[in-house]
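A quick write-up on the structure given underneath.
Sequence positions, counted from 1, serve as the residue numbers for this chain. The shown structure was predicted, so the numbers you read here are calculated from the model rather than taken from an experiment.
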Amino acid sequence: MRVFDFTLLSGYEFSGVDVAQGFRARLFAKNNVNAKFIFTELPTIRDMELYGSQKIKRGQIMSAHLFMTGRLDMSLSVKKEALLENEKENYEYDNIDEDGKVIRLYNSGEKSVEILCDEDGFVINESLFKNGKKYLENYYTDSLSYTELYNWDNDSNDGLNLGRLTIKSQALK
């Protein structure tokens, strides 16, 4: 038997509904029920962390958006070595700093790339910087899932406007 649990809201405040999803996941696991949690909206990294804290594994989470591109779950499979080699070819750098799960590339003392990995060395996301400001953040599952692009506005206090771009499918394994 397989259970499909649909989550209609994504990106809203964490609530009792989300805690109930975690309770269901633990109950299903205890009874050996194969369950998938399907997001009708593409889950953000925040959603993934919240559901992870409720013991829902990435391999149990599906997105309707990613499913249409042939991806069956939100598991990570891009290794840090593969992405790092790609970034070394595409960005100028003179120093690499690896601190636990975070890898940073610097050019003339200024951070240009930051890669965040999980404990197994799979890439969660990468951030690109220019003039000390983040301008792009890529999130990964088994390929590039989505990108958040930051626009800097000189007229506002923080100057940050976030816009999520469309899903891309870019093989990097």
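Ile96 and Phe129 fall into different hydrophobic clusters, where Ile, Leu, Val, Met, Phe, Trp and Tyr residues are linked whenever their side-chain heavy atoms come under 4.5 Å apart, directly or through other members. Under the 4.5 Å side-chain heavy-atom criterion for grouping Ile, Leu, Val, Met, Phe, Trp and Tyr, Tyr93 is connected to Ile115 within one hydrophobic cluster. Phe23 is not connected to Val33 by any chain of hydrophobic side-chain contacts under 4.5 Å among Ile, Leu, Val, Met, Phe, Trp and Tyr, and they are in different clusters. The hydrophobic clustering, which links ILVMFWY residues whose side-chain heavy atoms are closer than 4.5 Å, places Leu27 and Ile38 apart. Hydrophobic clustering places Leu136 together with Tyr91 (ILVMFWY residues linked when any side-chain heavy atoms are closer than 4.5 Å, directly or through intermediates).
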Inset, instruction - Before giving the answer on side-chain contact (heavy atoms from CB on, under 4.5 Å), spell out for Glu119 and Lys101 the whole-Å C-alpha distance, their side-chain angles and the decisive distance to 0.1 Å. - result: CA-CA 7 Å; Glu119 57 278 346; Lys101 299 178 188 178; 3.7 Å; yes
Inset, instruction - Check the pair Ile61, Ile56 against side-chain contact (heavy atoms from CB on, under 4.5 Å), reporting the backbone distance first and the verdict last. - result: CA-CA 8 Å; Ile61 298 175; Ile56 298 175; 3.7 Å; yes
Inset, instruction - List the steps, then state whether side-chain hydrogen bond (donor to acceptor under 3.5 Å, both in side chains) holds for Gln60 with Tyr51. - result: CA-CA 10 Å; Gln60 291 180 278; Tyr51 274 82; over 6 Å; no
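Contact annotation: the side chain of Arg58 never approaches that of Asp73 to less than 4.5 Å [non-hydrogen atoms, C-beta and beyond]. In this structure the side chain of Glu110 never reaches within 4.5 angstrom of the side chain of Lys130, judged on heavy atoms. Side-chain atoms of Glu87 and Leu83, non-hydrogen and from C-beta on, do get closer than 4.5 Å to each other. At a threshold of 4.5 Å between non-hydrogen side-chain atoms, the residues Asp97 and Tyr106 count as touching. The closest side-chain heavy-atom distance from Met62 to Met74 is not below 4.5 Å. Side-chain contact between Ile103 and Glu126 is absent, with no heavy-atom pair separated by less than 4.5 Å. Under the 4.5 Å side-chain criterion, counting only non-hydrogen atoms from C-beta, Ile124 is in contact with Leu76. By the 4.5 Å heavy-atom criterion applied to side chains, Glu85 and Lys80 are not counted as neighbours.
More than 12 heavy atoms of other residues, nucleotides or ligands sit less than 6.0 Å from atom NZ of Lys88.
Taking Glu114 as the reference, Arg104, Lys111 meet the side-chain hydrogen bond (donor to acceptor under 3.5 Å, both in side chains) condition, with sequence neighbours excluded. Evaluation of the side chain to side chain contact (heavy atoms under 4.5 Å, CB included) rule for Asn107 yields Glu92, Asp94 as partners, not counting sequence neighbours. Under the side-chain hydrogen bond (donor to acceptor under 3.5 Å, both in side chains) criterion, Glu49 pairs with no residue, sequence neighbours left out.
Expressed to the nearest 0.5 Å, how far OH of Tyr139 lies from OG of Ser127 amounts to 6.5 Å. Rounded to the nearest 0.5 Å, atoms CG (Asp120) and OG (Ser77) are 12.5 Å apart.
When all heavy atoms of Phe28 and Phe37 are compared, the closest pair comes out as CD1-CZ, 4.3 Å. Nearest heavy atoms, Lys55 versus Ala25: O-CB, 4.2 Å. Of all heavy-atom pairs spanning Gly59 and Ser75, the tightest one is CA-OG, 3.4 Å.
Checking side-chain atoms of Asp118 against main-chain N and O of Gly121 turns up a donor-acceptor pair under 3.5 Å. For the pair Ser112 (side chain) and Leu105 (backbone), a donor-acceptor distance under 3.5 Å is present.
Cation-pi geometry between Lys79 and Phe122 is met: the NZ or CZ atom falls under 6.0 Å from the ring centre, inside 45° of the normal.
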